[in-house]
Amino acid sequence: MKWVKRILLAAVVVFAVFYVITRPTDAANIVQGAFGAVFTATEAIGQFFSSLAS
């Protein structure tokens, strides 16, 4: 079962590298969007706890 995980991880890494090489602008937009989503979620959680405290 460990070899299946390694093969899947290797496939994901190879796909990611291929995507970055062939479409760098699209890859950058995806990463930027992911960081934006994490930032937005963190901000929303902070607002939630701030409203609980007040």
Side-chain angles (χ1 to χ4, degrees):
M1 205 54 162
K2 286 185 178 182
W3 60 273
V4 174
K5 287 182 183 179
R6 287 186 184 188
I7 290 173
L8 289 175
L9 180 62
V12 168
V13 169
V14 167
F15 177 74
V17 169
F18 174 77
Y19 193 72
V20 167
I21 290 171
T22 58
R23 295 178 176 239
T25 304
D26 293 337
N29 288 337
I30 288 172
V31 171
Q32 190 175 28
F35 278 120
V38 169
F39 179 74
T40 302
T42 304
E43 190 175 50
I45 291 170
Q47 287 178 351
F48 170 73
F49 282 115
S50 293
S51 67
L52 281 179
S54 59

Seminar exercise, completed: Nearest heavy-atom contact between T22 and P24 is C-CD, 3.6 Å

Exercise. Can you list the residues that meet the side-chain contact (heavy atoms from CB on, under 4.5 Å) rule with F49, with sequence neighbours excluded?
Worked result: I45, L52

For this session: Share the residues that join W3 in a hydrophobic cluster, the rule being Ile, Leu, Val, Met, Phe, Trp or Tyr side chains under 4.5 Å apart at the heavy-atom level.
Result: V4, I7, L8

Problem set entry | Pairs where residues 44-54 contributes a residue and the test salt bridge (Lys or Arg N to Asp or Glu O under 4.0 Å) is met, not counting sequence neighbours | none

Seminar exercise, completed: Taken in chain and number order and not counting sequence neighbours, the residues that satisfy side-chain contact (heavy atoms from CB on, under 4.5 Å) with E43 are F39, Q47

Seminar exercise, completed: Taken in chain and number order and not counting sequence neighbours, the residues that satisfy side-chain contact (heavy atoms from CB on, under 4.5 Å) with A27 are Y19, V20

Seminar exercise, completed: Residues at least two apart in sequence or cross-chain that pass side chain to side chain donor-acceptor pair (under 3.5 Å) with D26, listed by chain then number, are R23

